[in-house]
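I have placed the structure first, in the form of structure tokens, so that the comments after it can refer back to it.
Throughout, a chain's letter reflects where its sequence line sits, starting with A, and its residues are numbered from 1.
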Amino acid sequence: MAAILFTPTNQFPLKISSKIESLSLLERCSAMEELKQIHAQMIKTGLILKTIPVSRLLASCAISNYGSLTYAIRLFKAIPRPNTFMWNTVIRAHSTSNNPEDAILLYCQMLHSSKSAPSYNTYTFPFLLKACSARSSLEEAKQIHAHIIKNGLDSDVYTANSLLHVYAKSGNLASARMLFDRILHRDIVTWNSMIDGYGKTGIVEAARELFDQMPAKNIISWTSIITACTEGGMFQEALTLFQDMLSVGIKPDGAALVGVISACAQLGALDEGKWISTYIERNDVQVDPILGCSLVDMYSKCGDVEEALKIFKKMNRKSITAWTAMITGLAIHGRGQEALDLFAEMEKTGVKPNQVTFTGLLTACSHAGLVDEGKSLFQQMEKKYEVSPSVEHYGCMVDLLGRAGMLRDAEELIEKMPIRPNAAIWGALLNACRIHKNFDMGRRVGKILIELDPDHGGRYIHLASIFAAEGHWNEAVKLRKMMKDRGVSKLPGCSSTVLKGVVHNFFAGDDSHPLTKEIYLEWDRINERLREEGYVPLTDDLLLDLEEDEKEKAIHHHSEKLAIALGLISTDTGTTIRVVKNLRVCEDCHLVTKLISRVYRREIIVRDRTRFHHFKDGNCSCRDYW
DNA sequence: TTAGGGTTAG
């Protein structure tokens, strides 16, 4: 008589009467509770002793998205003589688990369990190598490679691809390339692994060359090259490749979109980011936790924090990464209190903060001047949350105290910190000395920094500007000479603005733009109009020993001013102008942008190296605290 | 059976 099944979902036929039926039921199963019932019925009917049904049951338990590895292992242990398929199934399940090392242990057990004949087959090694890849264990991969050669399985394309992947992922590109050249019948996976491995190690040009040579490309090839460009800082190329991908008719999925969304985030390309957002909605692309997180990050970094919040609130599953991205987003917009409120909300949901979350939180406190809150978080992070402060967290604290004018406290923290302070820590203190015009401390810190970071031009400039501000021109000139003698150059300031999908980059005094004449003429008009409003250029930041009018000329050709001037002549009245700058905005540019926002009635959003400035009606969201 | 995706101080 057929067994009766009672399922919570009632989606099942109510009986198992044959081997075929058990297989069909397993295929339709979608929850562990259902699987357990099938298991029970299989025991009752004796089907559990049949190889194929028990193999399928084991696979459902071990590999399906609703399964349970613990349950699978119990089942596996009860099987008297597991065959190769069953061994492979449990090895495979462990390779993607939290304990991939167990896959290797199982392989050893497998070898011992069958001494007479080899129990592995070509399916075994890809899983094992995946486990090595997850553990970043090149040594184990090499040992497995030896087994593969010994057993003559190295010509199997799956095995060869897996080996290639593990070598490429671990940065062992010479071995990966050797394997690649030896594989006679390369398939698309061979090519993709190679592109992804050359991309991950930062050799984007080589990845691009391979990509162009590929006989046929699929969505993973495109994703790999787009992601490689984004990770290698070639954001515009990532955007162009994305357009190429669309034009050849490849429909992007979530993973492909993440790469290009990140490129938009880095570029501050809001319109392109919005276009992708709309694409996701119109094409019903599933917004999984990773895609959602990258959208939140993109909207925050493109200056639209409200949209970031909307997306964040809509996300069903909020990972710690998503919470952190949102907290950091609020932080860089100076919305410190909201960042802290969001953290409190996160705690209620039981999500545990990590090191990056605390970096975001301390940044939030720093940019909003929330000194007590920052101090308290810093004290609690180790005691309450078991997250040890890293050099980044000390950096945030030095910045927080320093910006707030508590220079001595900041210096004391550096003296007491258990980790060796790096250049960034001293850099934060030097910046605070500059803001609060503490020249004595500034000189001291500047000298430490130049010793610690002798190739960083910004350090010399910082210290020289402190000397200059004090009127010590000789010392400032000496530093400039030192820089020149040592062959150190300063990272040039660069601002960009995106207009109709095209990125326009400007350096200070740049005359390479096709509209350069119009841009400089526009600046002259702006200058005249602002002076009528009482604008007096702030040249204090300049270290150059120049006459006042020369200083003004230098300051008026700063990259952000050129980008804003282009924005004013190229966009309609009332359009928000968005600029991204690689360095900190100078005092004069900050003042000018505030005035432009009032006089020209334009919202201007500037993202500088550390944060956002929203200029509107003559004010800036940073409240001049930056 | 093998290949692609997210958050980080100054």
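Using a 4.0 Å heavy-atom distance criterion, A:Cys293 is classed as a base contact. Within 4.0 Å (heavy atoms only), A:Arg611 reaches no atom of the nucleic acid at all. Residue A:Lys169 is classed as having no contact, given no heavy-atom separation below 4.0 Å to the nucleic acid. Note on A:Ile219: a base of the nucleic acid sits closer than 4.0 angstrom, heavy atoms only. Residue-level contact check: A:Ser221 touches neither bases nor backbone, having no heavy atom under 4.0 Å from any strand. Note on A:Ala256: a base of the nucleic acid sits closer than 4.0 angstrom, heavy atoms only. Within the nucleic acid shown, A:His456 has no heavy atom closer than 4.0 Å to any nucleic acid atom. As judged by a 4.0 angstrom heavy-atom cut-off over every strand, A:Ala424 is placed among the base-contacting residues.
A:Phe125 places its CZ atom 14 Å from the C1' atom of B:dT2, with the value rounded to the nearest Å. Rounded to whole Å, atom P of B:dT7 lies 19 Å from atom NZ of A:Lys318.
Picking from B:dG4, B:dG5, B:dT7 the nucleotide with the shortest atom distance to the side chain of A:Val356 gives B:dT7.
Annotation: cation-pi geometry not satisfied between A:Lys490 and A:Tyr460 (NZ/CZ under 6.0 angstrom from ring centroid, within 45° of ring axis).
The shortest distance between the side-chain N/O atoms of A:Lys200 and the OP1/OP2 oxygens of B:dG4 is not below 4.0 Å.
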